[in-house]
Structures are given as structure tokens and as C-alpha cells.
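Comments concern the structure below.
Atoms within a ligand are numbered from 1 in the order they appear, just like the ligands themselves. All values below come from the heavy atoms of this structure, side chains included, with hydrogens, waters and symmetry mates left out. Residue indices begin at 1 and follow the sequence shown.
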Amino acid sequence: MSFDPGAIAKDFPILSRTIRDGKRLVYLDSGATSQKPSVVIDAESDFYRLHNAAVHRGAHQLAEEATDAYEGARTIVAEFLGATSNEIVFTKSATESLNLVAYAMGNAESGSSFFIADGDEIVITEMEHHANLIPWQQLAARTGATLKWFEVTPEGRLDLGSINSVITEKTKVVALTHQSNVLGTINPLTEIVKRAHEVGAAVVLDACQSVPHMPISVKELDVDFLAFSGHKSVGPTGVGILWGREALLNDLPPFLTGGSMIENVTMTSATWAKAPKRFEAGVPNMAQAVGLGAALTYLQKIGMKDIFAHEQELTKYAMDALLQISDLAIVGPRDLNDRGGTLSFTVGDIHPHDLGQFLDSQGIAVRTGHHCAWPLTRKLGVPATTRASFYLYNTTHDVDALVSGIRSAQKYFG
Ligand SMILES: Cc1ncc(COP(=O)(O)O)c(C=O)c1O
């Protein structure tokens with residue numbers, strides 16, 4: 001069956017509601033959070049209706065069913081990423097996954113491959129979301145390491161011209177985004193990962209804007225850790241994923257301590273369970289994990305290749321139409337090579353917040369502001385941008401609505 005975003009949209013109950021006095025909802029903010037299909041809503045509610053019990057604990061049937069559902073979801077996530085189950089850690093969000101790695105590295109003792117100290121270097125990029133910037137700033141501050149970064153070119157690509165002086169023998173970790181949540185740029189991982197591994201640095205990938213939109217294989221990417229959020233992948237809020245190579249996860253000290261993450265406990269000490277349990281202290285977000293399993297199964301059934309191709313087509317359609325609008329400037333690459341379905345732009349002197357509010361009055365949901373990437377916005381020399389981000393349920397009608405909404409805003413604001 002051919003890819004039909006109109007039919008797909010019918011799987012998402014919220015997309016058939018109207019807003020602002022009966023207007024059709026045009027949802028172009030999936031980069032912030034995606035909408036949820038009925039199968040995900042049902043999976044989460046069925047967990048509570050039928051199977052709810054604390055996983056890995058009870059000696060009763062419900063506990064057994066809950067554990068099977070939770071561990072089943074882990075297997076689904078592992079298969080989705082081309083990984084194994086022991087490498088999948090359930091967290092509450094991508095933000096928590098990234099903090100987990102940075103904080104745990106900061107707890108590593110001398111002798112560990114993760115030990116970071118004064119004289120070591122941590123490398124990030126200028127296009128990071130705050131979730132993949134601040135944890136590394138904090139790690140540098142805690143350990144005395146130096147924070148370095150790849151700059152962004154005016155076109156919105158990473159400047160790799162000085163790769164060998166950015167990633168050096170002193171680099172312990174390189175943390176970067178796979179796809180920018182502002183520019184849509186998909187970063188050239190092969191070269192960066194090769195250089196990082198040459199100097200023995202670990203690569204942490206923020207895959208929040210790529211995992212929901214394209215086929216991903218952690219083996220092919222060859223990174224060491226990867227984070228993404230359930231809620232951007234048609235899954236529930238309150239669940240994120242940290243994937244890490246099994247040996248590395250088992251070398252990493254814990255992040256949160258408490259029940260379930262231990263091997264043995266005395267009154268004065270404890271030893272840690274192996275991954276993933278080591279990083280899942282307490283009764284976990286079971287229903288959300290099960291919902292994420294249903295979400296990834298849903299995406300897989302539609303096909304990640306087809307989802308990516310659809311978003312590419314839509315991005316081209318949108319870019320062609322937006323560039324016809326006088327005074328509209330796209331922030332980020334204008335060609336489709338290595339870029340995804342996120343379009344940020346400015347429109348003359350209209351402040352993005354005013355534009356966002358105007359579009360909202362027409363039923364069009366976009367995001368405005370610095371998109372949690374303040375240093376990038378500053379570097380681009382704009383106070384803020386308006387961002388339209390596409391997903392599997394968006395159609396050319398949605399793009400047409402956006403374009404006509406912007407034209408109306410231009411008339412309205414004179
Ligand atoms: C690139 C990127 N990284 C990290 C995050 C943080 O994700 P979450 O808020 O789900 O933890 C986001 C969310 O917008 C993002 O776009």
C-alpha cells in the first residue's frame with residue numbers, strides 16, 4: 001500500500017478535533033512533541049486497566065504480566081535501533097538520558113576509561129539543544145575539563161575544517177546532535193565518529209530529531225551512546241531511551257541509586273547490578289515504556305524509510321513554497337541534502353511570537369522562540385525564529401495552510 005498521510009492522520013484522534021472556533025487543526029510542531037495514535041493511547045490505558053503491578057518484584061500473575069509487557073517493550077526498542085535488550089535503558093526523557101551519561105561520567109573514578117579531569121576536553125557543537133549542552137557544561141565545571149565545540153557555518157552546517165584541532169588526544173567525549181531541532185541539518189557523523197574513536201573518545205548522540213523520522217541502526221552509526229524521547233516518536237511523555245554499548249554501560253557508575261539497581265547491599269555499602277537495571281532505580285515508568293513499545297511498532301509497520309521519504313518530499317514542497325514569499329528567510333540549509341523536515345524562518349520585521357500567535361488564530365500550530373538552542377540563535381544573528389516541523393501525518397494541505405497563513409500575517413502586520 002502506498003504511503004498515505006491523510007489516512008495515517010486518521011489514526012491520531014487529536015488531529016480530527018477543531019480549534020479556535022471550528023478551524024481545522026494544522027499541527028506543525030512535531031519537533032516539540034508528536035501526536036499519539038490510538039494504538040499508543042490504548043496500550044498505555046490497557047496496561048493500567050489490565051496488567052498494572054510493580055515490575056520485577058511481585059510474586060503474582062499481574063506482576064508477571066507487567067514485567068513481560070515492560071521487558072517486551074525493551075525488546076521492541078532494541079530491535080528498532082538494531083541493538084540488544086541489555087543495551088536499552090528506560091529513562092524519563094532524552095534530557096534525563098543525556099544527563100545520566102554526563103553525570104555518571106563525572107562520578108567515574110581514576111582508572112576508569114570515563115574518568116575526566118583537568119586537562120581533558122569535552123567536545124560539543126554550537127547547534128546543540130540545551131539538553132545536550134548544559135549537562136556537558138556542568139561536567140566540565142565539576143571536573144575542570146575544557147569545553148570545546150564545532151562552530152556552525154552561515155548555511156547552518158557544522159564547520160569540520162578544523163576537526164583535528166577540535167577533537168584532540170585530550171578529548172574524552174564528543175556529544176552532538178544527529179539532526180538539529182532548529183536548522184534541520186543532519187550532521188556528518190562518519191567523519192566525526194572516526195576522528196573521535198581515533199583519539200579514544202566516546203561519542204554521545206542526541207538522536208531526538210532523527211530516531212522518530214528515519215531508519216536508525218546503532219551499529220551503522222558506530223556511536224557509543226544514543227538518546228531519544230518517546231513523546232517525539234508518537235509515544236507517551238515520561239519515557240526516554242538511553243542506548244549504550246553494553247560493555248560501556250557496565251563500566252559507567254550509576255546515576256540514581258535505590259531499589260532494583262543493586263547486586264548486593266549491606267548497612268554501609270552496595271554493589272551495582274549490570275545494565276540496564278543499574279540505571280533503572282525505583283519502580284519504573286512501566287505504562288509509558290509499554291506505550292513506547294506500541295509507538296515504535298506502529299512506526300515500524302508504516303516503515304521508517306517511507307516516513308523519511310515522505311518528510312523529504314514535504315520539506316521540498318514547503319521550501320519551494322516558502323521561498324516564494326517576499327521577506328521570508330529560511331534559517332538553515334536550503335538544499336535537501338542531509339537535512340530533515342524542520343524549517344525555521346524569519347519573515348521580515350514580523351516578530352516570530354506575533355507570527356506564531358497569528359498562525360494560531362488560523363488553526364496552525366508552530367513553535368516560535370530560540371527552541372532551547374539559545375547560543376545557536378545568537379550565532380545566527382536572529383532574536384528568534386518560527387519553526388514548522390513535519391511528521392508522518394502532515395500533508396501538502398498543511399503546508400498550503402502555513403503558506404497562506406504567513407501571507408495573511410504579512411497583510412495583517414502591514
Ligand atoms: C535535539 C533535541 N535534543 C534534546 C531534546 C530534549 O528532549 P526532551 O525534552 O524530550 O527530554 C529535544 C527536545 O526538543 C531536542 O529537540
Side-chain angles (χ1 to χ4, degrees), residues 27-36 40 77 89-103 124-138 149-150 152 156-158 174-187 189 203-214 216 221 223 225-243 255-256 279 285 288-289 291-292 295-296 311 331-333 338-344 365-377 380 384-391:
Y27 189 75
L28 297 177
D29 198 18
S30 298
T33 197
S34 67
Q35 296 302 348
K36 324 296 173 200
V40 169
V77 178
V89 179
F90 286 115
T91 62
K92 87 168 163 52
S93 61
T95 299
E96 185 177 288
S97 303
L98 294 163
N99 273 273
L100 186 165
V101 180
Y103 192 82
I124 54 171
T125 85
E126 232 173 9
M127 64 167 78
E128 297 312 310
H129 185 284
H130 296 163
N132 199 35
L133 165 61
I134 300 168
W136 305 110
Q137 287 178 350
Q138 291 295 305
W149 53 87
F150 286 105
V152 170
R157 304 261 182 207
L158 284 186
V174 178
L176 81 162
T177 189
H178 195 183
Q179 178 177 314
S180 163
N181 64 309
V182 180
L183 307 162
T185 312
I186 299 172
N187 284 323
L189 290 182
V203 179
V204 180
L205 191 68
D206 174 354
C208 275
Q209 299 291 344
S210 58
V211 162
H213 301 283
M214 62 181 78
I216 292 285
L221 294 177
V223 295
F225 296 96
L226 174 148
F228 75 95
S229 279
H231 70 95
K232 293 187 203 285
S233 317
V234 310
T237 52
V239 59
I241 295 296
L242 172 67
W243 167 84
F255 173 45
L256 300 175
F279 302 105
N285 39 0
Q288 291 77 10
L292 178 58
L296 298 186
E311 288 180 30
V331 171
D338 296 328
R339 71 116 61 233
T342 295
L343 283 172
S344 294
V366 292
R367 170 109 187 251
T368 63
H370 52 60
H371 315 295
C372 295
W374 210 349
L376 174 65
T377 325
L380 297 168
T385 61
T386 302
R387 181 185 77 182
S389 46
F390 307 125
Y391 207 4

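Annotation: Phe255, atom CZ; neighbour count of heavy atoms from other residues, nucleotides and ligands within 6.0 Å is above 12.
Checked against salt bridge (Lys or Arg N to Asp or Glu O under 4.0 Å), Glu126 has the following partners two or more places apart in sequence or in another chain: Lys379. With sequence neighbours left out, the salt bridge (Lys or Arg N to Asp or Glu O under 4.0 Å) criterion links Arg339 to no other residue. Among residues two or more places apart in sequence or in another chain, the ring pair (Phe, Tyr, Trp, His ring centres under 6.0 Å) test is passed with His370 by His130, Trp374.
For the residue pair Ser93 and Glu96, no side-chain donor N or O sits within less than 3.5 Å of a side-chain acceptor on the partner. Counted by atom type alone, Thr385 and His371 present one or more donor-acceptor pairs between their side chains at under 3.5 Å.
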Where does ligand 1 get N/O contacts under 3.5 Å from the protein, atom by atom?
unit_1	atom_1	unit_2	atom_2	d
ligand 1	3 (N)	Asp206	OD1	3.3
ligand 1	3 (N)	Asp206	OD2	2.5
ligand 1	10 (O)	Ser229	OG	2.4
ligand 1	10 (O)	His231	NE2	2.6
ligand 1	11 (O)	Ala94	N	3.4
ligand 1	11 (O)	Thr95	N	2.9
ligand 1	11 (O)	Thr95	OG1	2.5
ligand 1	14 (O)	His129	NE2	3.3
ligand 1	14 (O)	Lys232	NZ	2.5
ligand 1	16 (O)	Gln209	NE2	2.7

